[in-house]
Amino acid sequence: MESPSSPKVKKQPFGRRKDIHRIILAKGDSVTSVTIHPAVAFVTVLGIAALGLAYLAATGYLIFRDDLINASVVRQAKLQHAYEDRIAVLRTEIDRIASRQMLDQRSVENKLDRLLGLQDSVTKRGDVVKALASSASTFGLVIPQSAPLPRPRPTASSDHASISSEPGTSRSIQASYASEDTSASSAFSLALDPKSITGSTSLSADRASAIDFDQLERQIADRDRKQLATLQWMTKQASQSATRLSSTIRALGFKPSKGPTPSEAGVGGPFEELSAFDSIAFDQSVLALEETLNHLNRLKRQVAVFPLRKPMKVGTRSSAFGRRLDPFLKRYAMHSGVDFRAPKGSGVYATAPGKVVKAGWHGGYGRLVEIEHANGLTTRYAHLSKMRVSAGVHVSAGQRIGDVGSSGRSTGPHLHYETRVSGQAVNPSKFLKAGSKVADLL
């Protein structure tokens, strides 16, 4: 007898028996069975497998995505570090370039300051040289435009120098230095813009590189050497003039004024060429020239009181000083002066400054003018046709004091000229010859 809860078993036809999939659920005394169709079981298993695969795929994707993200982060970090390193290198390079440019700029500014200082110094020295040259010209010194320059020491860049000196020109030294100042200043201003020097802005690298600082310094150094050589040249010329005047004074029997004549005894040492911009050498040269000019001035004042000028501008010498045949008595006698034949009325001039002590008729002299000079010297001008000065007046050298005549013991129009030292007649020719030798200095 079949149990009521037992399922009915469907009889199968003869052949292979199909397995029946059941799920039996038991709870206490209750038993429940569920029959699962194979297709449902297959679909269920397939679904579970698909869900597992989906889970595995999702898990793998998540893991792989994290790896990708980590790799991307690492790559970005590497790129960032590389960029930061590159930026640091570029910053270092920029700082280095900026530092170098700053150093170059400072170097350029230092060179500019040096050149401007040298230019200012040489310009001031040029003013001193021009002033001294102007003073020297009053002494009759003939100084060429360019004194011989000493050769500068050869340098590595001396072959590129374009500075030269051409001595022996006829222009005055004042005009020479004026042209030098103009040319040098023009060259200097063409190379250096004053606004870029004195303003707050600095020179650009291109402009700074276009400036030949060495060439500019060579030009300024050449001017400095020329100024120094000119001072030495003027000192030499003034010393030679002073020597001529001293010799003239000694030849006349007087003692010349002492000058700066340092002894060369007990001196020596190795020769060392003076460098450019040597302020000590320049100052010493200026001092030496000033002392020589002062000495020359004293000698010139000393010589100026001697009767060295000619008493006439026209006329010829007709009788010398000393023993001669008297034109009236026809016997030898002492002639205390020199006679100059000239047309009547020709001018007679004082041969030195002094005071007229006689102006009138004086025996055989006829109309006579006698002038008293310094150092016990007197001069006499006789046989005048007219006297243009009177006793007691002071006359200057070259002043007209009378006219040629034939008054007194005379055979015709002429000037009888005497020179006396302490009342003793001396040969006037000695003074006249000495005057001709130093006429350019009087």
Side-chain angles (χ1 to χ4, degrees), residues 61-127 151-164 180-228 273-282:
Y61 169 73
L62 292 176
I63 295 173
F64 182 70
R65 186 189 66 175
D66 292 339
D67 292 339
L68 290 177
I69 292 174
N70 292 333
S72 177
V73 170
V74 171
R75 185 168 60 253
Q76 292 293 335
K78 289 181 179 180
L79 289 175
Q80 183 177 356
H81 290 314
Y83 281 126
E84 290 177 352
D85 292 341
R86 180 60 179 167
I87 290 173
V89 172
L90 291 177
R91 285 179 178 175
T92 302
E93 183 68 16
I94 290 173
D95 292 339
R96 186 181 65 82
I97 294 175
S99 299
R100 185 175 62 188
Q101 289 179 344
M102 184 176 296
L103 291 175
D104 292 342
Q105 182 65 33
R106 289 179 180 176
S107 177
V108 170
E109 292 175 353
N110 291 335
K111 289 180 180 180
L112 290 178
D113 292 339
R114 170 177 167 78
L115 289 178
L116 288 173
L118 294 178
Q119 173 74 2
D120 183 65
S121 175
V122 171
T123 300
K124 291 180 179 179
R125 293 183 181 183
D127 295 337
R151 288 183 174 271
R153 287 184 178 180
T155 59
S157 59
S158 61
D159 295 338
H160 304 286
S162 60
I163 309 299
S164 63
E180 282 182 17
D181 291 339
T182 303
S183 61
S185 299
S186 300
F188 200 75
S189 60
L190 286 175
L192 306 177
D193 185 2
K195 294 182 179 179
S196 64
I197 299 172
T198 57
S200 58
T201 58
S202 59
L203 286 175
S204 62
D206 296 336
R207 183 156 180 78
S209 61
I211 300 174
D212 191 345
F213 291 100
D214 293 336
Q215 177 70 8
L216 290 175
E217 185 168 351
R218 284 195 297 270
Q219 290 179 349
I220 300 174
D222 181 77
R223 289 188 62 211
D224 179 78
R225 284 192 296 269
K226 186 172 184 179
Q227 291 171 355
L228 184 61
E273 185 179 0
L274 292 174
S275 60
F277 316 117
D278 192 329
S279 60
I280 297 178
F282 182 83

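Numbers here are sequence positions counted from 1.
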Worksheet item: Does CZ belonging to R91 count more than 12 external heavy atoms closer than 6.0 Å?
Response: no
Worksheet item: Is the backbone of G117 close enough, under 3.5 Å, to the side chain of S121 for a donor and an acceptor to pair up by distance?
Response: no
Worksheet entry | R218/D222 ion pair, N-O < 4.0 Å | no
Worksheet item: In Å and rounded to the nearest 0.5 Å, what is the CD to CG distance from Q119 to D224?
Response: 11.0 Å
Response to the item:
Separation between CD1 (I69) and CD (Q76), nearest 0.5 Å, reads 12.5 Å
Practice prompt. Hey, could you give me the CG/CG distance between L118 and D113, rounded to the nearest 0.5 Å?
Written response: 11.0 Å
Worksheet entry | Audit row: E84, Q80, side-chain hydrogen bond (donor to acceptor under 3.5 Å, both in side chains) steps and yes/no | CA-CA 6 Å; E84 290 177 352; Q80 183 177 356; 3.3 Å; yes
Discussion item. Taking R106's backbone N and O only, do any of them form a donor-acceptor pair with N110's side chain (distance below 3.5 Å, no angle check)?
Written reply: yes
Fill in: Gap between atom NZ of K78 and atom CZ of R75 - 0.5 Å precision
9.5 Å
Practice prompt. Calculate, to the nearest 0.5 Å, the distance between atoms CD1 and CZ belonging to I220 and R225 respectively.
Written response: 11.5 Å
Worksheet entry | Stepwise side-chain contact (heavy atoms from CB on, under 4.5 Å) check, L90 with R86 | CA-CA 6 Å; L90 291 177; R86 180 60 179 167; 3.8 Å; yes
Discussion item. Looking at every non-hydrogen atom in both residues, tell me the closest pair between T123 and R223 and how far apart they are.
Written reply: OG1-NH1, 4.4 Å
